[in-house]
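Here the structure comes first, spelled out in structure tokens, and everything after it is commentary.
Note that these values count all heavy atoms, side chains included, but never hydrogens, waters or copies made by symmetry.
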There are 2 protein chains.
Amino acid sequence: MDTSIICPRFETAISLLSQRWTGLIIYQLLSGPQRFSHLTEVIGISGRLLSERLKNLEVQGLVTRTVYPETPVRIEYALTEKGHSLKPVMDEIQNWSQTWIDPA
Amino acid sequence: MDTSIICPRFETAISLLSQRWTGLIIYQLLSGPQRFSHLTEVIGISGRLLSERLKNLEVQGLVTRTVYPETPVRIEYALTEKGHSLKPVMDEIQNWSQTWIDPA
DNA sequence: TATAATTAGTTACATAAAGTAACCTTTAGA
DNA sequence: TCTAAAGGTTACTTTATGTAACTAATTATA
């Protein structure tokens, strides 16, 4: 019987990234704060799921939601420092994909 | 209207890693070839899903399945070069988790 | 004033994926 | 012959995701 266990912190991190759309949302926000509707268009995610994912990411401290009381109201989502610090992860995925994934 | 689109190769790569358990399986196999039952124990995945995931990973060229006709038969799953080349991605996730995830 | 448009969502319902537990097959040993 | 172990598969339940229609607030337009 092998008692070795996967590192719990790694497991938490990868379960976060294993949630559908979450990685893509973070990747997209790496290029700067963006609005709800822009995210739905670029990522191809429904409003229902984007809303749900952004709420989770806010709770986990990866994303902030800022309301600009203009007309019409503007709401922007941006990465926190914690969120932004996933850039090296995204860079490595990008890097891997360039070598190993066939161009569509 | 913004026509910017997320890089298709990146999207393919992250959809692979976004599939539940897949990242964890690859991570676990980075420490060497392993048997089916060992993977289920260490990862905490059911046989049904492990079987399904390993088949997909085989098809995608990330994992090999080797049968050793001993008694009892031994079957080992191992990473291919393509699979192993995800190590830098996993290292960055590990790295991020050490800084940003609270110890359980 | 009523109508329409835009943004940022929410709700209700259908489909697909994941979780759970029991079962099957092969080989070997008691 | 009966039991055990490895490596799965099957049937069924629960959860997650996809889809489309709807809402609320604000402003522009007829």
Side-chain angles (χ1 to χ4, degrees), chain A residues 1-4 6 11-12 14-29 32-60 62-79, chain B residues 1-4 6 11-12 14-29 32-60 62-79:
Chain A
M1 188 65 147
D2 190 330
T3 46
S4 77
I6 291 175
E11 220 174 317
T12 301
I14 206 155
S15 78
L16 198 152
L17 295 171
S18 289
Q19 196 169 107
R20 200 164 198 172
W21 301 113
T22 299
L24 225 43
I25 292 168
I26 292 167
Y27 173 80
Q28 182 60 30
L29 286 177
Q34 285 161 64
R35 304 174 73 170
F36 191 92
S37 56
H38 184 243
L39 288 171
T40 62
E41 280 165 29
V42 174
I43 298 178
I45 185 180
S46 69
R48 185 174 94 56
L49 281 185
L50 181 58
S51 176
E52 193 178 304
R53 290 297 186 271
L54 287 171
K55 274 179 199 162
N56 286 342
L57 289 171
E58 235 189 307
V59 168
Q60 291 174 304
L62 290 153
V63 162
T64 56
R65 179 183 188 269
T66 307
V67 179
Y68 297 93
E70 305 167 355
T71 50
V73 67
R74 181 166 52 101
I75 294 167
E76 282 195 343
Y77 292 92
L79 293 178
Chain B
M1 189 64 144
D2 189 331
T3 47
S4 76
I6 291 174
E11 221 173 318
T12 301
I14 206 156
S15 79
L16 198 152
L17 294 172
S18 288
Q19 196 171 111
R20 202 161 198 174
W21 301 113
T22 299
L24 225 42
I25 293 168
I26 292 167
Y27 173 80
Q28 182 59 30
L29 287 177
Q34 285 160 63
R35 304 173 73 169
F36 190 91
S37 55
H38 184 242
L39 288 171
T40 61
E41 280 165 29
V42 174
I43 298 177
I45 186 180
S46 69
R48 185 175 94 59
L49 281 185
L50 180 59
S51 175
E52 193 179 303
R53 290 297 185 274
L54 287 170
K55 274 180 199 162
N56 285 342
L57 289 170
E58 236 190 306
V59 168
Q60 290 173 305
L62 290 152
V63 162
T64 56
R65 178 181 190 271
T66 308
V67 179
Y68 296 93
E70 305 167 354
T71 49
V73 67
R74 181 165 53 101
I75 294 167
E76 282 195 341
Y77 292 92
L79 293 179

Query - Distance, rounded to the nearest Å, where B:Leu49 contributes CG and D:dT15 contributes P - result: 15 Å
Less than 3.5 Å apart, which donor and acceptor atoms pair up between the side chains of residues 43-54 of chain B and the rest of the protein, not counting sequence neighbours?
residue : atom : partner : partner atom : Å
B:Ser46 : OG   : B:Leu49 : N            : 3.4
B:Arg48 : NH1  : B:Glu52 : OE1          : 3.3
B:Arg53 : NE   : B:Gln19 : OE1          : 3.1
B:Arg53 : NE   : B:Arg20 : O            : 2.8
B:Arg53 : NH1  : B:Gln19 : OE1          : 3.4
B:Arg53 : NH2  : B:Arg20 : O            : 3.2

Check the interface with nucleotides 7-11 of chain D: list each N/O to N/O pair with the protein under 3.5 Å, or write none.
residue : atom : partner : partner atom : Å
D:dG7   : OP1  : B:Arg35 : NE           : 3.3
D:dG7   : OP1  : B:Arg35 : NH2          : 3.4
D:dG7   : OP1  : B:Ile75 : N            : 3.1
D:dG7   : OP2  : B:Ser37 : OG           : 3.2
D:dG8   : OP1  : B:Arg65 : NH2          : 2.7
D:dG8   : OP2  : B:Tyr77 : OH           : 2.5
D:dT9   : OP1  : B:Lys55 : NZ           : 3.1
D:dT9   : OP2  : B:Ser51 : OG           : 2.4
D:dT9   : OP2  : B:Lys55 : NZ           : 3.4

Query raised in the report: Which pair of non-hydrogen atoms, one from A:Gln60 and one from A:Leu16, has the smallest distance, and what is that distance?
Result: NE2-CD1, 3.8 Å
Query raised in the report: Does the side chain of A:Val63 reach to within under 4.5 Å of the side chain of A:Arg65, using non-hydrogen atoms?
Result: no
Query - Side chain B:Gln28, main chain B:Val42, donor-acceptor under 3.5 Å - result: no
Report task. Enter the distance from B:Leu62:CG to B:Ile26:CD1 here, rounded to the nearest 0.5 Å. Result -> 5.5 Å
Query - Spacing of CG belonging to B:Leu57 relative to CD1 belonging to B:Ile25, to within rounding of 0.5 Å - result: 6.0 Å
Report task. First locate atom CD1 of B:Ile14, then atom CG of A:Leu17, and finally report the distance between them rounded to the nearest 0.5 Å. Result -> 7.0 Å
**Report entry** End axis versus end axis in the helix from C:dT1-D:dA30 to C:dA30-D:dT1, the angle rounded to 10°, five pairs used at each terminus
**Finding:** 20°
Query - Which residues share a side-chain hydrogen bond (donor to acceptor under 3.5 Å, both in side chains) with B:Tyr27, sequence neighbours left out - result: none
Query raised in the report: Atom CZ of B:Arg35 and atom CD1 of B:Ile75: how far apart are they, to the nearest 0.5 Å?
Result: 8.5 Å
**Report entry** Protein-nucleotide distance (A:Trp21, atom CH2; D:dT17, atom P), rounded to Å
**Finding:** 10 Å
Query raised in the report: Sequence neighbours excluded, which residues qualify as side-chain hydrogen bond (donor to acceptor under 3.5 Å, both in side chains) partners of B:Arg74?
Result: B:Glu70, B:Glu76
Report task. Provide the start and end nucleotides, 5' to 3', of the part of DNA chain C that has atoms under 4.0 Å from heavy atoms of chain A. Result -> C:dT7 to C:dA12
**Report entry** Atom-pair distance (CZ on B:Arg20; P on D:dA16), nearest Å
**Finding:** 7 Å
